[in-house]
Enquirer: 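I am attaching a structure below and will ask some questions about it afterwards.
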Amino acid sequence: MMRSDYDTMLGLADKLHYKSLTQLQETAFRTRSLYDEQKNIMVIGPTSSGKTLIPLLLYAAAVKKAMDAAEPLPRMLFIVPYRALASQKCHELKSTLRTLLGLDLSIAQSTGELRQSDNDIRNGRPTVSVVINEKAFLFARENAGFLSGYRYIVMDEIGLLADQNRGIKLDFLLSWAIAARPRPRMIALATPFYDWSVYAEHFGFERIISQERPTLLKCPVFFSGNGNSRQVDTFDWPDSCTGFGSFSIYRKGKSTASLCSACEELCPLDTPCRQDLTLPCPHTQQPCLRPVELLDPGKPFRFQLIADLCRWHLRQSHQVLIFWNDRENCRQLALYLFHELADMLRDPPPLEECRQVVLQACTEISNEESGLRRTELISEDEMFGILEPEHYRALCAGVGFHSSAVPLELRSFVERRFLDSRELSIVCATETLAFGINSATDAVIVADMNKNLDGAKQFLEPNTYFNYIGRCGRLQPDKPMEAIVGWVHPILSGYSPKNKNFDPCDTDSEYRKWLLLEEKRKQPEVISSALFQDNGKNLPFLLLCLLGSDVKTKSEMTQWLSNLPAPEDAAPCDVDAALGYLLDRRLIRPDGDDEDDEEVDGSDSDRGYRVVEGREGLCGFTPSSEDFDIIVDALHEALKQPEEFFSSFLLYRLLETGHMESSLRNFRMIQPKDTGLRKQKKPEEIPDETDPSDPQAECRGRDFSRENLAATLQKLPVWKVMKPLLEMERSRLHRADIRRRLAVTAAVLCWADSANPRRLCEVFHIAYPLIQTMVRDLGYLLQITAECVYTVERRDGERMRQLEERKDRISKRIHLLELSVYFGLQPDLYEKVVGFFTRKAETSSPARELLQTVKAPHPGTARQLRRIFSAYITLIDALKCQRRGTGPRDHRAAAAALRELNAWSVTSNGGNTLWRELAFALKDEVNLDEPPENHE
């Protein structure tokens, strides 16, 4: 290391107002190999140790050097696991690099929802690309030179190599990057919760390690009891944590007295000293030793405990992040805390003003990410079922929530208000805020130490737990490390060690599991490839990805797989069976043979294999073999149906896949009229809340019954295409999973028909963001389905040319369905819009750009289209009623729809000229004999 390199890093850190470096950063910047462009680096440090800053400063220095030498700027690929993290990293990179370099670099991101920059990223146009794992894998598979186009590849949260769904894709990316020429430099960011020695050796990483992080005060809270009371115990808390101790919570009206340890007799619960510790006990003249809290009927005990903890921290001017791996509990808890802690929060403005503030901020975020400049606010309907009216006031008072069920723009709003401006004092979040998000919060409460995986309750894994608690006490530029302290409160169900009912021999207690969790930190698990976790279910398509456009022998593929870090007891991968599966499905063929040659069994180690021509589109997808067979069967069954039933049958069958099974099982319908609290019950019906995250309990009573499902669907526009499905499943309608699958199919079809998000929520009790989650997964399966048209057989008398034309039509139809399902765009109208921009593109460069945007929509683009479509459909319906002279039409709705199209057609908002022309063209198609305004 040259002294000048270290000084350069210090100078850059100073520009970001860092007063000191962490031990990890100090070690890294003094390590010679960090400045050797030929070395791959693995930075290993706890959460909050400042890992991300290391590649950022290194990259900024490389850009500055290139600028000084008038050379092309080096390009960086930043790979992250989650959409929320991609958005936050993109925002962070723009801000940080602008501060360091004094210029705005071209920075683009790509996730499942944000596709508008995909082609630019594929073709290497942005200087910095922030991409989720799955998209990076897909781009690298499509183009062998994709990774070599970058000088730096940063892999954030690489600990997710242990995740079965994401890990194997990271293995491929690591392997492809090592083989790329020119070879990019890889910088992996890891935590010490795993032993990385095997991976570092396999992929040639030099490790930079530190265990230092800000001080964490771990203060567990024990939560025990059932029925109408709970006992809250603190144990081993520091002396500095005065003002919060052990107490009991009783349901009002259910108990009148409890034993007081001071006077050894029943003492009334409403005795003043038992609820106010500043008052002395009348018997001892000392503070009460058994304080109590009285809880109104219907209020959840665990919610109240969390409110008490938050109250203590708010008194210390602390910011609090609450982790609860349960979307609905996060949503309801935020509202509960807003009401319960109102005296300690900011006074929010009136509701309408709060709604305006939130929707305006979300609209600005949407415009920023999409490049659009719409002045109309995001519709409140898109928040319906997620934000109750009081949630808008809660956000302005300083309480928010964050999960995958929250709309993308609202998630970004919460992140920025919590992480950047610190306007939010409390945020309730699922693990979407646990990985890689740079927070600087004072306290973390882990509301439940369990999470539900496919319906089964499982204690938190070390990596998840330590990422939770690592969100507090994070590195802050304006504070030295020794001044940063974080508070951690895991809520443990059961008795504390100081309780007389505590059983020290109970190895299944949460306290014992928590202690073991802390012990595991001292003995990290050796991490191995996720390939060995699925019993070979994904191996066939992983081999297909490995082949790509190359020819490889069985022995070469076996050797490649053997290079992946495997557990000590792992059985060898069954390559013979995987190749046999691919040969049977006509996805690969022996090199030099025609596709229709006689069968081969795949056991010849020296025989080369290649992907069959026309099947390359499946390279990059990794369905299980069972799911692929279901997809092919679904396609064939849907093609047997009359054309109008194709979409409904296909979507319904795709919901049977394992890929969707988990989503459906954990999918929660919200209460039809949710007030922000659990539905009120009589006090005697209030259940034990020791396991509030049970998904079955959350869903119980909310799914459609056999009778009301049919009655509900009959009232919808999709009834015609849903009726054959109900008749087909008539004998199985007694099963809740069948009814749920039918309801979700109908909801997705309504969404694809440009249905209003509020209407979807009112009819199906499914909020808009949850529909987005489902359609994202269905969109992935539809992309695979479109590549399966090769399985369509020739009909009697059909020529090959006719067969290929039919396959092409089927493929285009599925692709259109995928876009329609993903973005909620009616297929016929969507094609009309594509046709409009296609015609304009012949003479207009902006139209050519918009055409690409429409073909790969961003949520903001899709939102604009849906608003135009909705107004157009309303007017068309009014026109039909007028011409038939039948039925009353909703004049107010028609008038509002016409105003919407008029607003689009007269706007002169710069780049929106073409949108204005589109709205005008659609409006011009509708000619009502009497303008609807006359009927208001």
Side-chain angles (χ1 to χ4, degrees), residues 115 138 141-142 538 540-541 543-545 547-549 581-589 594-597 609-660 721 745 748-749 752 775-823 825 827-828 830-831 834 855-856:
R115 309 178 181 188
L138 185 62
R141 181 59 276 162
E142 291 174 347
N538 294 95
F541 284 89
L543 292 183
L544 197 70
C545 294
L547 282 171
S549 58
Y581 178 91
L582 295 173
L583 287 165
D584 289 344
R585 272 67 178 178
R586 294 182 295 147
L587 291 169
I588 64 172
R589 62 178 175 81
D594 292 331
E595 181 184 349
D596 297 327
D597 282 353
Y609 296 90
R610 65 164 61 248
V611 177
V612 173
E613 186 177 354
R615 319 287 199 266
E616 298 89 351
L618 283 166
C619 298
F621 296 105
T622 56
S624 68
S625 51
E626 291 94 337
D627 277 1
F628 183 75
D629 290 340
I630 292 174
I631 291 169
V632 172
D633 289 344
L635 173 61
H636 285 236
E637 182 176 338
L639 289 172
K640 293 176 184 176
Q641 309 302 320
E643 188 170 336
E644 63 267 30
F645 301 139
F646 173 83
S647 297
S648 57
F649 269 82
L650 180 59
L651 293 174
Y652 181 72
R653 285 298 313 279
L654 291 180
L655 290 174
E656 296 178 15
T657 59
H659 182 79
M660 297 301 303
V721 295
T745 302
V748 170
L749 287 170
V775 300
R776 184 180 67 246
D777 291 339
L778 276 171
Y780 172 79
L781 296 179
L782 285 168
Q783 290 175 34
I784 298 174
T785 308
E787 300 296 337
C788 291
V789 295
Y790 78 90
T791 62
V792 175
E793 302 289 346
R794 188 162 57 175
R795 296 169 177 168
D796 290 341
E798 188 177 39
R799 297 179 179 177
M800 283 302 299
R801 181 178 58 79
Q802 293 172 320
L803 172 63
E804 292 305 317
E805 290 174 352
R806 185 160 62 92
K807 287 181 178 180
D808 188 52
R809 288 195 301 271
I810 295 171
S811 181
K812 289 180 179 178
R813 184 176 182 183
I814 297 171
H815 177 66
L816 181 59
L817 176 62
E818 186 260 329
L819 283 175
S820 174
V821 162
Y822 206 109
F823 292 104
L825 304 173
D828 293 343
Y830 178 74
E831 285 192 306
V834 170
K855 286 183 174 179

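Since the model is a prediction, treat every value here as computed from it, not as a measurement.
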Enquirer: How long is the straight-line distance from CG of Leu618 back to CG of Leu544, given to the nearest 0.5 Å?
Expert: 6.5 Å
Enquirer: Hey, does Arg115 have a side-chain heavy atom less than 4.5 Å from the side chain of Leu819?
Expert: yes
Enquirer: Would the distance check show the side chain of Tyr609 and the main-chain N or O of Ile588 forming a donor-acceptor pair, the cut-off being under 3.5 Å?
Expert: no
Enquirer: Do Glu142 and Leu138 have side chains that approach each other closer than 4.5 Å (heavy atoms only, starting at C-beta)?
Expert: yes
Enquirer: Please identify each residue that fulfils side chain to side chain donor-acceptor pair (under 3.5 Å) with Tyr652, with sequence neighbours left out.
Expert: Glu729
Enquirer: Within the structure provided, determine whether Cys619 and Val611 are in side-chain contact (heavy-atom separation under 4.5 Å).
Expert: yes
Enquirer: With no hydrogens and no angle check, is any side-chain donor or acceptor of Arg141 less than 3.5 Å from a backbone partner on Cys545?
Expert: yes
Enquirer: Can you list everything that forms a side-chain contact (heavy atoms from CB on, under 4.5 Å) with Gln802? Sequence neighbours excluded, please.
Expert: Glu798, Arg799
Enquirer: Tell me the closest heavy-atom pair linking Pro540 and Leu582, and the distance in Å.
Expert: O-CD1, 3.2 Å
Enquirer: Give, for atom CZ of Arg615 and atom CG of Leu547, the distance between the pair rounded to the nearest 0.5 Å.
Expert: 14.0 Å
Enquirer: Closest heavy-atom contact between Leu654 and Ala634?
Expert: CD2-CB, 4.3 Å
Enquirer: If only atom types and distance count, is the side chain of Asp777 paired as donor or acceptor with the main-chain N or O of Met660 below 3.5 Å?
Expert: no
Enquirer: Excluding sequence neighbours, so at least two apart, what forms side-chain contact (heavy atoms from CB on, under 4.5 Å) with Glu626?
Expert: Lys537, Ser624
Enquirer: Working note: Cys788 + Ile631, criterion side-chain contact (heavy atoms from CB on, under 4.5 Å); need CA distance, chi angles, decisive distance, verdict.
Expert: CA-CA 8 Å; Cys788 291; Ile631 291 169; 4.2 Å; yes
Enquirer: Nearest 0.5 Å, please: how far is CG in Leu781 from OG1 in Thr657?
Expert: 4.5 Å
Enquirer: What distance do Ser625 atom OG and Ile630 atom CD1 have between them, rounded to the nearest 0.5 Å?
Expert: 10.0 Å
Enquirer: Only pairs at least two apart or in different chains count here, so list each ring pair (Phe, Tyr, Trp, His ring centres under 6.0 Å) that has a residue in residues 610-650.
Expert: Phe541-Phe628, Phe621-Tyr780
Enquirer: If you compare all heavy atoms of Gly658 against all heavy atoms of Asp627, which two are closest, and at what distance to 0.1 Å?
Expert: N-OD1, 2.7 Å
Enquirer: Supply the atom-to-atom distance Glu616 CD to Leu587 CG, rounded to the nearest 0.5 angstrom.
Expert: 11.0 Å
Enquirer: Mind checking whether Arg589 and Arg610 have side chains closer than 4.5 Å, heavy atoms only?
Expert: yes
Enquirer: Is there a donor-acceptor pair under 3.5 Å between the side chain of Thr745 and the backbone N or O of Leu651?
Expert: no
Enquirer: Which residues pass the side chain to side chain donor-acceptor pair (under 3.5 Å) test with Arg585, not counting sequence neighbours?
Expert: Asp629
Enquirer: Side chains of Leu635 and Ile814: does their closest heavy-atom pair fall under 4.5 Å?
Expert: yes
Enquirer: Hey, could you give me each pair passing salt bridge (charged side-chain N to carboxylate O under 4.0 Å, His left out) that has a residue in residues 638-655? Not counting sequence neighbours.
Expert: Glu637-Arg653, Arg653-Glu656
Enquirer: Once rounded to the nearest 0.5 Å, what's the spacing between atom CG of Asp808 and atom CD of Glu804?
Expert: 8.5 Å
Enquirer: Which heavy atom of Leu803 sits nearest to which heavy atom of Glu793, and what is that distance?
Expert: CD1-O, 3.8 Å
Enquirer: Evaluate Arg776 against Tyr822 for side-chain contact (heavy atoms from CB on, under 4.5 Å), listing each step before the verdict.
Expert: CA-CA 6 Å; Arg776 184 180 67 246; Tyr822 206 109; 3.2 Å; yes
Enquirer: Considering only heavy atoms from C-beta outward, does the side chain of Ser648 approach that of Leu749 to under 4.5 Å?
Expert: yes
Enquirer: Specify the closest pair of heavy atoms between Ala752 and Ser820, including all atoms of both residues, with the distance to one decimal.
Expert: O-OG, 3.2 Å
Enquirer: Scan Arg809, Arg801, Lys807 and name whichever one has a side-chain hydrogen bond (donor to acceptor under 3.5 Å, both in side chains) with Glu805.
Expert: Arg801
Enquirer: Kindly indicate whether the side chain of Leu778, heavy atoms from C-beta on, has any atom under 4.5 Å from the side chain of Leu655.
Expert: yes
